Student: 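Please find one structure pasted underneath; my questions will follow.
Values in this document were obtained by computation on a predicted structure and should not be read as measured data. Atom set for the values below is all heavy atoms of this structure, side chains included, hydrogens, waters and symmetry mates excluded. Order of the sequence lines sets the chain letters (A, B, ...), proteins ahead of strands, with each chain counted from 1.
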There are 2 protein chains.
Amino acid sequence: MPKVVDPEQRRASVAEAVWRVVLRNGLDGVSVRTVATEAGLSAGSLRHYFATQAEVLTFAMQLVIDRVRARVHVATTVRDVIGELLPLDAERRAEAEVWLAFSTRAQVDPTLRALRDTSYDLLEALCGRLVEAVAPGAQDVEVERLYALIDGLVLHAVMRPDRATPELLRTVVDRHLEELVH
Amino acid sequence: MPKVVDPEQRRASVAEAVWRVVLRNGLDGVSVRTVATEAGLSAGSLRHYFATQAEVLTFAMQLVIDRVRARVHVATTVRDVIGELLPLDAERRAEAEVWLAFSTRAQVDPTLRALRDTSYDLLEALCGRLVEAVAPGAQDVEVERLYALIDGLVLHAVMRPDRATPELLRTVVDRHLEELVH
DNA sequence: CTCTTTTTAGCACAGTCGTGTTAACTTGTT
DNA sequence: AACAAGTTAACACGACTGTGCTAAAAAGAG
């Protein structure tokens, strides 16, 4: 009857518009109007797919999570799994930057915080399996050590991409895994 | 002649008001009016000490930097220096949270970015000296490994203070230093 | 007390914000 | 061709934003 539009696809394209706005102007630059313009819609039209601004944000954050999870899920070796978590190319660095922006806002937004904490727990469990695979019977402290190292590398890659280059990230991780085996 | 007020002290108290607002409502919650109210001033009065909002933010960020630098400067042993960088108590966790908020905004604010990058370079150099002190002649990769580990621990302490407890942070750092020596 | 200068408070302005409502448009079905 | 429903656009509302400007209040100096 009406113009045929797949709502889910539309919502996804809106989420990607959110990401672009975040990268350009930060999470503060995200308003109903800026996102609508970025997505090529009117503000009123956007509100037809998302009732509130909070809904837009949670959806955009959830989509980042889903994307990373899908990537990690297909990785097999320990080194490859960690490689999927690190921003080794420009696209994933952008993704990490968006994730970091949402994570800091989660500090004062209960809904986003729930999303973040759930992801944190999953990643912690993942690191636990990685450590167990590389060094069976290792102490629990090694899990947090690996996890903190990864997140630190991600942080540095986002903040100082000129210094924390993909090559350096890989070298650091390889060095750490090598030591973990022994 | 007029009411006697030390401008620098006033500016510092305004900066502390900024920190409290950031902790409560995030960096987005920082406006001339909210900060003025938090500092017990009127908006017009605040503008007498800071010409623009950008000036308020850079001053508040600079004061965080100065405070950390002063603390690190008096530390002697490697372990104590790292201890000053980690949020081992509630006050320093708050400080780290404020720092993280400013750092992410620096991603889209050139002025704040300059402050952040300068601090990043100083911390990197500091980690270089720490590594050299613990393991003379170690590879450069160990510097980034230690720095990323520290920043990852800080990040986790801010985001998940219930999981990344002070005890865990210390244990992880001690474990890393122990390995670094060998 | 009177003067002078710092400090303070308050208002005005144009702009943006989230959100609600309403009308127009588009398109498949009857 | 006529209808119906999904989709879009546009406007209104109150609230908040940063910033400039003006007048009042405060307090040491003469």
Student: Can you measure B:L41 atom CG to C:dT8 atom P for me and round it to whole angstrom units?
Tutor: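 The distance from CG of B:L41 to P of C:dT8 comes to 6 Å, rounded to the nearest Å.
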
Student: May I ask you to evaluate whether B:S31 reaches the phosphate of D:dC16, defined as a side-chain N or O under 4.0 Å from OP1 or OP2?
Tutor: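 False: B:S31 side-chain N/O out of range (4.0 Å or more) of D:dC16 OP1/OP2.
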
Student: If only side-chain N and O atoms count, and only distance matters, is there a donor-acceptor pair under 3.5 Å linking A:D80 with A:T77?
Tutor: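 Their side chains do contain a donor-acceptor pair, which is all the 3.5 Å distance test asks for.
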
Student: Any side-chain donor paired with an acceptor under 3.5 Å for B:T34 and B:T37?
Tutor: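 No, because no side-chain N or O of B:T34 sits under 3.5 Å from a partner of the opposite role on B:T37.
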
Student: Is it the case that the side chains of A:H176 and B:R145 hold a donor-acceptor pair, with the cut-off being a distance below 3.5 Å and no angle test?
Tutor: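 B:R145 vs A:H176: donor-acceptor pair found between side chains.
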
Student: Using atom CG of A:L46 as one end and atom C1' of D:dT7 as the other, report the distance to the nearest whole Å.
Tutor: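 Roughly 13 Å, once rounded to whole Å.
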
Student: Quick one: B:Q9 CD to C:dT6 P, roughly how many Å, whole number?
Tutor: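 Atom-to-atom, B:Q9 to C:dT6, this comes out as 19 Å.
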
Student: Taking CZ from A:R11 and P from D:dT7, how many angstroms apart are they, rounded to a whole number?
Tutor: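 Interatomic distance, CZ of A:R11 to P of D:dT7: 12 Å.
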
Student: Please determine if a side-chain N or O atom of A:R47 lies less than 4.0 Å away from the OP1 or OP2 oxygen of C:dG20.
Tutor: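 Checking A:R47 against C:dG20: at least one side-chain N or O falls below 4.0 Å of OP1 or OP2.
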
Student: Donor-acceptor pair, distance only, cut-off 3.5 Å: does the side chain of B:R160 make one with the backbone of B:A164?
Tutor: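 Here the side-chain-to-backbone pair does not exist.
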
Student: Is it true that B:E8 and B:R11 have a side-chain N and a carboxylate O under 4.0 angstrom from each other?
Tutor: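 Judged by the 4.0 Å cut-off on N to carboxylate O distance, B:E8 and B:R11 do form a salt bridge.
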
Student: Would you mind reading off the distance between B:R33 atom CZ and D:dG20 atom C1', rounded to a whole angstrom?
Tutor: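 Distance check: B:R33 CZ to D:dG20 C1' gives 12 Å.
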
Student: Could you check how far CZ of B:F50 sits from P of C:dT7, rounded to whole Å?
Tutor: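 Between P of C:dT7 and CZ of B:F50: 13 Å.
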
Student: Whole Å only: how far is the NE2 atom of A:H48 from the P atom of D:dG6?
Tutor: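 Nearest whole value for this atom pair: 8 Å.
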
Student: Quick check: on DNA chain C, is the nucleotide nearest A:G44 upstream (toward 5') of the one nearest B:S45, or the reverse? Name the residue that is more 5'.
Tutor: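 In this pair, the answer is B:S45.
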
Student: Side chain of B:R10: nearest nucleotide among D:dT8, C:dT7, D:dT19?
Tutor: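 Of all the options, the side chain of B:R10 is nearest to C:dT7.
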
Student: Go through D:dT19, C:dG18, C:dC17 for me and flag the one nearest to the A:T34 side chain.
Tutor: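 Looking only at heavy atoms from C-beta outward on A:T34, the closest nucleotide is C:dC17.
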
Student: Would you mind reading off the distance between B:Y49 atom OH and D:dG18 atom C1', rounded to a whole angstrom?
Tutor: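 My rounded result for the distance is 20 Å.
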
Student: Base, sugar-phosphate or nothing for B:V30? Non-hydrogen atoms, less than 4.0 Å.
Tutor: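 Sugar-phosphate: the residue B:V30, judged by heavy atoms under 4.0 Å, touches backbone atoms but no base.
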
